[in-house]
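Here is the structure we will look at, set down as C-alpha cells.
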Amino acid sequence: MKRGLPALLLIAPVLLFASYFSDGIRAYKTGDYKKAKEMLEKAVTEEGAEQAHFLLGLLYLEGKGVKKDIYKARRYLQKAVSFGNVRAKCYLAEALIVSRDKDKKAILSLLKEGKKSGAGECAAIAAKYNIPL
Amino acid sequence: MQVGVRSKLKLISLFPIVLLLAFASFFLYQSATNYLKVQTLNERINYNAILNSVATQLAIERGLTSIYIASNGKKAVEKLKKQRAEVDKEIAVFNRYLSNHPDVKPKKLIRLLLGMLNKKREQIDTLQISFNKAFFNYYSVLIKALLEEIDKVTTIGLEHEVANEAKAYVNFAKAKEYSGIERGFISYVLTRYTKMSDEELQKWIHYIGQADAYDYDFINDEELKQRVHALLSTPDAKKVFKALSQARIEILHSINDGYYTVDPLHWFKLNTEKIVRLSKAQKIIFESLEQKSAKTMEEQMFIAVASAALWIITLILATLGYIVSREITQNIKNLEAILQSAAESTSKQININLDTAEGTAKAYSLLQTIIEEARHEQQRAEEASEAKSLFLANMSHEIRTPLNGIVGFTELLKNTELKGEQKEFVSIIEKSSENLLEIINNILDLSKIESNKVEIENIVFNPIEEFESAVEIYAVKAAEKSVNLACFIDPRLNQPIKGDPTKIKEILINLLSNAVKFTNQGGAINVEIRKVHAEDPDRCAISFSVEDTGIGISPDKKAHIFEAFSQADTSVTRKFGGTGLGLTISARYAELMGGHLQLESELGKGTRFYFTLEFDELPQMNEDMYKRFENVSVAMYTSPTIHKKQDEYIKEYLDYYGATLIPFGAPEELIKLASDKKVQSAIIDSDYTSDNDLRKMGKTPLHCNVIIKSTQQKRIETLKMHCEKILYEPINATKMVSVLKAATSEVSKEVRRPLLDLEHIGFNAKALVAEDNTINQKLIKRTLEDLGLKVELADNGLEAFEKRRNGDFDIIFMDISMPVMDGVEATHEILDYEEDENVPHIPIVALTANALKGDRERFLAEGLDEYTTKPLIREEIISILKKFLAEKINRQESAPKPSASPEKEADAPQESEKEFNFDLQPETVEERPVQSERRSDESPQKTAKKILVLKKSLLEGKIFANMLQGLGYEVDIATGIKELIGKIDEETGLVFVDKEAEELSMTALRSEIKMNAPHAAVVLMTDPASEVTEEEKRESDEVIVNLVNRDLVRLIVEKFIKSEG
C-alpha cells in the first residue's frame, strides 16, 4: 500500500506538528494517555480541533488516563459523529451498548453506517457484543 | 520575338511598382492576420477570465459540498447556499458572454455538465449522492473541462512571449484546481477519520503532483517572473507551503492506523491559503497578459494601418505609373503619327515604327532629311529673295531712266521762256516727277522698313513750304475729279523745324492719294496741319489730318488697314487699283517718327486719318507775317447755297494776317464796295458764280482774285477776263500772302494783260489722241490745244478706231501700249479701213515711252507715219505738225517759236514778274546768271561750229542736245556710229561720243574726223563705273563723266570751240 508514496515524504524528517491536537494524538499513540487527555482537551478549547472530541471520547470509553466515564464518552463521541467521524459511530454504538441503552435500532444503524463507511471497528464491536450485522 | 521599346518601357516603369505593390500586399495581409490573432487573444483573455471565475467558484462550491456530504448534511449548510449563489452568478455571466459571442463555442461537455448542476445539487441536499460521485465524477470533471477550455489559449499560435505567459496562466489555473481537489479530498478523509484505502492514496499522490505543478520559469518577462516569485516567496507564503507539506507528511504517517494528526479544519485552511496565493499569482499574470495583449493589439493595429496606408500609396503609385506609361505610349503614338505624316509629305515611302530600334533609326534619318530639305528650302527662298532684290534693282533702274528723262526735260522746259501759268504747270510736272521718283524709291524701301533699315533723317526744313508742296501735288488730280481740295497749314509754323520732311511728305502724299482715289466726284478733301500744344516748350507738336468724304472703311476692316497688302476689300483693288502699300509705309513711318497714324471712319461718309508728331523747333528765321496786313480789307464772295471748307480756311488765314474780311453775295455789292474804296481786293470762287457775274466783277477796279480748279482754266480763258490773278485750289498760306501783297501794291489794272497770250504758232486742225493714261491725255491735249488744234480723246485703240471711222481728223496721235487694243493693232485696223473704204489716209503718229534704238524703223514698218517719244516735246510736236499739216498753219497768228526767239521773251518777265509770283517755285537763283550769260554768249555763238552728239540712247541724246541748244549751239544728234561718221563735215567743231555707244571704235572715229573735220575735237563721255582704256584716252581730247551739268558742258564746249574760233 505504501508503493506510491513519494520518496520525499518517506525520508523527510518527521517534523513535529506544533499543535495540541497532534501532540495529543502522538501521546495517545505512545500510550501516554494522561498527556493525551490533557493535550486533546486543550486542542478542543484552544484550536477547535474537531477530531479531538473523538479521541477524548475513546479515552473516557476505555478509561485510559482518566476514570472510565461512559456518559462523557457518549457525549464526546456523539459530537465526533456529528463532525463526520465514521469511527466515532462504532465507538458510540459500543458506548450505548455498555451504558445499556435500549435503543437497539439506533445502535445497529450506527454500527452498520460505520462499517459501510469503511470503519473496521464496527464489525469488531458487533462481534464482541454478538450483534449480527 | 523582339520586345518592343514600348513594352520595355512599360516593364521598366511598372515592374518596381508591381513589386512594391506585392510586397505591400503581403505585409498588409501579415499585419492583418496578426491583428486578428491579437484580437482573438484579447477576446480569449476575456473569455478565459470568465471561465476562470466559473471554475474558481465551482471549486469552492465543490469544497463546501464535500464538507456537507462528509458531515451528513450537518456542516457548512449556510456557506454552501451562499457559494451556490456565487456560482450561479458566474454561470450567468458565462452564459451572457456566450450569447453575445456566438462564434465562441465551448465544449459540449461543459454545457451538459452545467445543465446538470441543479439536479446534482438536489441529490447532494438529500444526501442521495456519495462524496466520490459528487466530488470526482461531477465537479472535478466539470472543472477540468473548463480548464481545458482555458488551455485553448495556448493553441492560438501567438508570439512566444505572450504564449508563454498564457501557458503560465493556465498552469496556475490547473495548480489551483488540483490544490482545490486535494484540499477537498483530504478534508473528506480527515473528517471521516478512517484509514485511507490504497486507491485513495494513489489518487492523493496524483493530486499532490498536479497541485504543485505551477511552473512559471519559462516566462520571458523577467519582471513579471520576479513579481510572481516575490508573491510566492513572502515569509507568510513560505510558512503556508512549509506547513502544508508538513501536514501532508503527518497524514502520510498516519495512514496505517487512521489516527491522523492533522485536523481537517486546519488542513482546509492551509490549502485555502495556498489557493489564494496561487490565485493572486494567476491574477498578476492575467493582468500582464491583458496589458500585453492590449499593447500588442495597439501595435498590430498601428502596423496594420501603416501597411494599409503603404498599400494604398503603392496602389496610387501603380495607377499613376500606369497612366504615365499610357501617356508616354500615347505620345510615342502621336509622334509616330506626326512622323508618318511628315514621311508622307516627303517623297519617300517610310513606315514609321518607333517600337523597334530600326524604326527609330529610320525616324531619325527621316528627320535629318526633313531638316536638310528645310535648309534647302530656306536657301532657295534666300536665292529667290536675292533674285527679287536684283529684279527690283533692275526695275528701279529701268523706271528711273525714263523718269530721269521727264525730270531732265522738265528742267529744260523750265528754263525756256514760259508764260506765267505755264511755269506753274512745269513746276507741277517737276514736282510730280520728283515725287514719283521718291515713291518708287519708297516702294523699294518697303523691304528696308521690313528689315528695320530705314533711317529717319533729322534735317532742318521749312514746314509750310514742304507741306504745301506735298498737298499741291494732288491739286490737279483732285480738280480732275471735281473734288474740293481744301488745305489749311497753320501760318504759325513759320519757324524751321528739324525732322524728316521726305517721310512726312510721303505720308501726306499717301493719305492724299488714297483720299483722292476713294472720293467720288463732288466730294471734298480737307487737309489740316496745325501746331498743337507740346509737352516740351522747346519742341513743336504738329497734328496732321487728312479728311475725305469717300467710301469709308467698315469697322471690321479698320484693324487690318495698316497691314501690308490689305486694301479694305479685294473688290476695292479692282475698282481703284493700287498696291495698298501706302498706308503700311505711312503707318510705319509715323511710328518711326514717334507718332501713331490713326483713323476715324464711317462707311459711306468718309474717313479721317490723323497723327501727331513732335519736332525740335529752331529759333525764328522766317519772316512772320502775323498781323502784317491790318490795313487790308478783302471782300469774299459767299454763296448762300454752296459751302466749302476752304472758305473757313481763308477766313482763318486772313485773321492770322490781320486782314479784314468783308463777305458779299452779289456782284452789285462788290461794285459798291469797290466804288466806296472799302476793299482793296476781292476773292471769288468760280464755283459760286456764273460767268456773267464773274465778268461783271472782273471789271471792278480791284485786285480781283478768282479761285478755280486747274481743270477750269479753259472756262476762264473763254471769258477773256482781265483778272488780277487766278488762284488754283487749294488756297494755302503762300497763295494767301501773295494775294495780300498784291492788294497793297500799286500796280494798276490797265497794265494787266490777257491771261493767255497766244503768241505761238497755230494750226487750224483737228487731232485724235489715243492714250489710256489720263494725265498724259490731258498733257497732250493741252499741248495740242495750245497749238490751236481741236482735240478729241480716245481711251484705247478700239475707241480710237471707232472715232476715226465716225469722225474726220487731220492727224492721229497713237499711244503704242494701250489696253483692249494697242496702238499698232489700231493702226492696222485704221489702215485696213482706209483701204477698204477708199478714204484719204490720215497721218498717224506713234506715241511711245520706249526710246529704244530701232523703234522708229519698226513703227514706220508697221504703217505708222511718224514717231515721237512720250514726254512730249513741243518742238517735236510742232515739227511733226509742220510736216503733216503744213497747209493748216494758222497764218494770222503765225509767230516764231518761243524757244527760237528767247531774246524777245527775255525782256518781258521783268515787268510781269510780280503778277506771276504765285508760281509755286520762285525762280531759282542759279537761273539768272545762266540767262544773263546766255546773252553774253551770243556773239561767239554766231561763229560756232556744229556740235555732233552720239549717245547710248536717243533719249539721252535728246536731253544732251537740248542742253547744248539751250546754250545756243547748233547741235545734231546721231543715232549710230555710222550716222555720226556720215554727219561729220567741215562745219563740225566738236563731237560728243558716249563710250557705251554700239560699235564704237575711237581709232576709227579719230581717223574719220582727221579726214573730214581736221579741227574738230572729240569728247568721250563715260560711265563713272566703267574704266577708260589707254587707247580711248589717247584718241580723245577730253574724257568726261556722263552725269554732266550744264555749267560743266558749257566750259568744255567753250574750251574747244573758242579755241577754234
Side-chain angles (χ1 to χ4, degrees), chain A residues 1-30 36 39-40 43-44 46-55 57-58 79-91 113-122, chain B residues 66-77 127 130-132 187-209 212 239 242-270:
Chain A
M1 73 175 259
K2 314 278 188 290
R3 216 172 21 177
L5 270 177
L8 172 76
L9 294 181
L10 289 175
I11 58 163
V14 177
L15 296 167
L16 291 176
F17 201 68
S19 68
Y20 295 119
F21 178 70
S22 53
D23 286 351
I25 302 284
R26 271 184 218 106
Y28 176 82
K29 282 184 183 176
T30 52
M39 287 296 130
L40 289 167
V44 170
E46 301 284 318
E47 296 168 0
E50 293 175 345
Q51 304 296 30
H53 293 91
F54 170 62
L55 286 165
L58 275 186
K79 195 101 178 171
V81 168
S82 77
F83 285 139
N85 193 319
V86 181
R87 276 177 164 171
K89 287 186 177 172
C90 306
Y91 291 108
E113 278 174 21
K115 192 191 171 193
K116 193 183 162 195
S117 299
E121 288 89 343
C122 284
Chain B
S66 69
I67 291 169
Y68 179 79
I69 293 175
S71 62
N72 279 327
K74 289 187 180 84
K75 289 204 308 194
V77 181
L127 294 174
S130 72
F131 170 80
N132 272 337
S187 290
Y188 170 71
V189 171
L190 292 180
T191 307
R192 196 184 60 188
Y193 220 65
T194 57
K195 282 190 280 185
M196 215 184 277
S197 68
D198 281 356
E199 202 190 327
E200 284 172 336
L201 186 62
Q202 292 270 330
K203 263 188 191 170
W204 184 36
I205 289 165
H206 171 67
Y207 294 145
I208 289 172
D212 286 349
K239 221 164 102 188
K242 200 175 162 187
L244 188 62
S245 60
Q246 263 184 359
R248 278 173 182 161
I249 291 164
E250 293 262 340
I251 292 163
L252 273 175
H253 278 291
S254 316
I255 51 173
N256 287 331
D257 55 7
Y259 288 91
Y260 304 107
T261 50
V262 179
D263 189 78
L265 279 180
H266 183 63
W267 169 258
F268 197 91
K269 234 163 89 188
L270 275 177

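In this text the structure is predicted, and so the values were computed from the model without any measurement. In the text below, chain A, chain B and the rest are named by the order of the sequence lines, each starting its count at 1.
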If the test is side-chain contact (heavy atoms from CB on, under 4.5 Å), which one of B/D263, B/V262, B/T261 qualifies with A/I25?
B/T261
Any side-chain heavy atom of B/E250 sitting closer than 4.5 Å to one from A/R26?
yes
Could you list the residues that satisfy ring pair (Phe, Tyr, Trp, His ring centres under 6.0 Å) with B/Y188, not counting sequence neighbours?
B/F131
Using a 4.5 Å cut-off on heavy atoms from C-beta on, say whether the side chain of B/D257 contacts that of A/K29.
yes
Which residues pass the ring pair (Phe, Tyr, Trp, His ring centres under 6.0 Å) test with B/Y193, not counting sequence neighbours?
A/F54, B/Y260
Please flag which part of B/S254 lies under 4.5 Å from any non-hydrogen atom of chain A: side chain, backbone, both or neither.
both
I'd like to check B/L265 versus A/F21 (side-chain heavy atoms, cut-off strictly below 4.5 Å). Are they in contact?
no
In terms of heavy-atom proximity below 4.5 Å to chain A, should B/L190 be classed as side chain, backbone, both, or neither?
backbone
Pick one of side chain, backbone, both or neither for A/S82, based on which atoms fall under 4.5 Å of a heavy atom in chain B.
both
So which of A/A88, A/A49, A/G24, A/A80 has the biggest tally of heavy-atom pairs under 4.5 Å with chain B?
A/A49
Please report the closest heavy-atom contact between B/T194 and A/R87, naming both atoms and the distance.
CG2-CG, 4.0 Å
What are the two closest heavy atoms between B/R192 and A/S117, and how far apart are they?
CD-O, 4.0 Å
